[in-house]
**Student:** 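I'd like to ask you about the structure that follows.
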Amino acid sequence: MVAERVVLVINSGSSTLKYQLVEPDSGISRAAGVIDQIGEQSSVADHDAALRMAFARLTEAGLDPSSVAPAAVGHRVVHGGNDFYRPTLVDDALLAKLRELSPLAPLHNPPAILGIEVARTLLPDIPHVAVFDTAFFHDLPATAATYAIDRRLAQTWHIRRYGFHGISHQYVSQQAAAFVGRPVEDLNQIVLHLGNGASASAVLGGRPIETSMGLTPMEGLVMGTRSGDVDPGVISYLWRAAKMSVDDIESMLNHCSGVFGLSGERDFRRLHDLIESGDVAAQLAYDVFIHRLRKYIGAYVAVLQRTDVLSFTAGIGENDVAVRRDALTGLSALGIELDERRNADPHPGVRRISADSSPTTVLVVPTNEELAIARDCVQLI
Ligand code: AMP
């Protein structure tokens with residue numbers, strides 16, 4: 001029997017490191033884990049310590065990364081800028097370019113670079129591949145990618161709408177097409193990735209034509225702790241009137257806004273408990289989240305003109321029956337009819353939750369970014 005090849009996928013965030021050993025062909029996950037609170041008090045000191053801890057856990061599970069000899073190590077990199085939109089073999093030159101891109105994604109790219117550096121020292125003889133979360137949206141039509149600001153300034157500073165969660169939007173749109181049994185090229189789709197970060201995309205024939213995140217992952221939908229769309233005037237107003245620094249404003253919009261900023265709770269399971277108990281702030285946070293989501297759905301139906309499939313994915317999209325119901329209630333005029341019973345069925349895996357009469361097929365599609373990254377890696381090498 002030939003042993004299945006495996007890929008080690010690493011996703012380094014600012015304070016978390018997720019790892020997974022996955023078989024790209026079968027899709028089977030051999031081992032997965034998260035190390036969190038990196039750099040926080042009385043916890044894992046840094047990314048070096050975190051990755052060594054991940055390796056120790058894999059070894060304990062009988063999957064020592066050096067003896068398992070993965071075909072590749074795949075690294076999720078949030079921002080690829082304009083230059084990186086294909087899975088790319090990591091070398092010193094790539095790392096240098098990624099460092100240059102860090103000002104575009106100061107919260108996300110530096111930890112990914114650290115993760116790559118440490119992983120390369122631990123597994124020096126295995127190809128390392130960077131897979132970019134912006135890649136899927138690289139060819140967004142100019143009408144969707146362009147901010148209506150001074151064009152010379154935008155050009156000088158590479159300001160455009162890049163889009164994020166691309167690994168997930170691409171994977172989910174392909175899974176959805178496979179489920180309905182039609183080529184992705186024939187389908188107009190809306191994908192709603194609703195997790196701690198949240199984004200929507202409109203995908204025409206397999207290629208995205210709109211997405212809700214922009215230069216950074218802050219634009220668009222209301223998220224766990226991120227504001228999504230705000231009037232840019234809020235920033236200059238806080239700077240002038242509240243004398244907040246740019247860093248403080250950015251941190252507030254990223255970490256103390258969204259559902260958390262409005263209610264003090266970012267996890268939707270507990271948000272529902274608070275609403276049950278009569279918490280008015282939690283109710284408003286939920287309502288603002290749903291309102292923004294419905295605005296985007298309406299906009300994307302208009303952009304696509306015909307919507308064949310609408311898919312929910314990620315932690316909230318896959319699990320939260322109420323969010324799916326409240327997002328789509330009353331949209332039969334747009335061709336979207338939910339089946340309440342199917343929506344409430346917790347069956348795992350890809351499933352249809354629209355009524356048979358619904359012109360738009362509504363699906364729940366579990367995302368699997370690690371598998372998508374692993375498949376990108378083996379395709380490259
Ligand atoms: P993700 O970023 O995709 O891992 O999603 C994480 C978020 O999904 C959590 O913060 C929760 O808000 C939400 N979530 C996870 N499980 C559930 C569930 N069973 N019901 C509602 N929301 C959930």
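For ligands, and for the atoms within them, numbers begin at 1 and follow the listed sequence.
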**Student:** Is the gap between the ring centers of Tyr286 and His272 under 6.0 Å?
**Tutor:** yes
**Student:** Would you say atom 4 (O) of ligand 1 makes contact with the protein, given that contact here means a non-hydrogen protein atom less than 4.0 Å away?
**Tutor:** no
**Student:** List the closest protein heavy-atom neighbour of atom 13 (C) of ligand 1: residue, atom name, distance to the nearest 0.1 Å.
**Tutor:** Ile316 CG1, 3.5 Å
**Student:** Can you tell me the protein heavy atom closest to atom 10 (O) of ligand 1 and the distance?
**Tutor:** Asp267 OD2, 3.8 Å
**Student:** Pull out every atom of ligand 1 sitting under 4.0 Å from any heavy atom of Ala314, numbered as shown with elements.
**Tutor:** 3 (O)
**Student:** Verify the ring-centre separation between Phe137 and Tyr85: is it less than 6.0 angstrom?
**Tutor:** no
**Student:** For Thr313 and Glu318, does a side-chain donor sit closer than 3.5 Å to a side-chain acceptor?
**Tutor:** yes
**Student:** Less than 3.5 Å between some nitrogen or oxygen of Leu194 and one of ligand 1, yes or no?
**Tutor:** no
**Student:** Counting heavy atoms not belonging to Arg306, are there more than 12 under 6.0 Å from its CZ?
**Tutor:** yes
**Student:** Measure the distance from atom 12 (O) of ligand 1 to every protein heavy atom, then report the residue, atom name and distance (to 0.1 Å) of the closest one.
**Tutor:** Phe268 N, 2.8 Å
**Student:** Write out the residue and atom name of the closest protein heavy atom to atom 7 (C) of ligand 1, then the distance separating them to 0.1 Å.
**Tutor:** Asn196 N, 4.0 Å
**Student:** If you measure every N/O of Gly195 against every N/O of ligand 1, is any gap under 3.5 Å?
**Tutor:** no
**Student:** May I ask you to check whether His79 and Phe132 place their ring centres under 6.0 Å from each other?
**Tutor:** no
**Student:** Out of Asp279, Asp320, Val323, Val259, which one pairs with Leu271 under the side-chain contact (heavy atoms from CB on, under 4.5 Å) rule?
**Tutor:** Val259
**Student:** Return the residue, atom name and 0.1 Å-rounded distance of the protein heavy atom closest to atom 14 (N) of ligand 1.
**Tutor:** Gly315 O, 3.6 Å
**Student:** Nearest protein heavy-atom contact for atom 18 (C) of ligand 1: which residue, which atom, what distance?
**Tutor:** Asn319 CB, 3.3 Å
**Student:** May I ask you to decide if the ring planes of His75 and His128 are parallel, tilted or perpendicular, using 30° and 60° as cut-offs?
**Tutor:** parallel
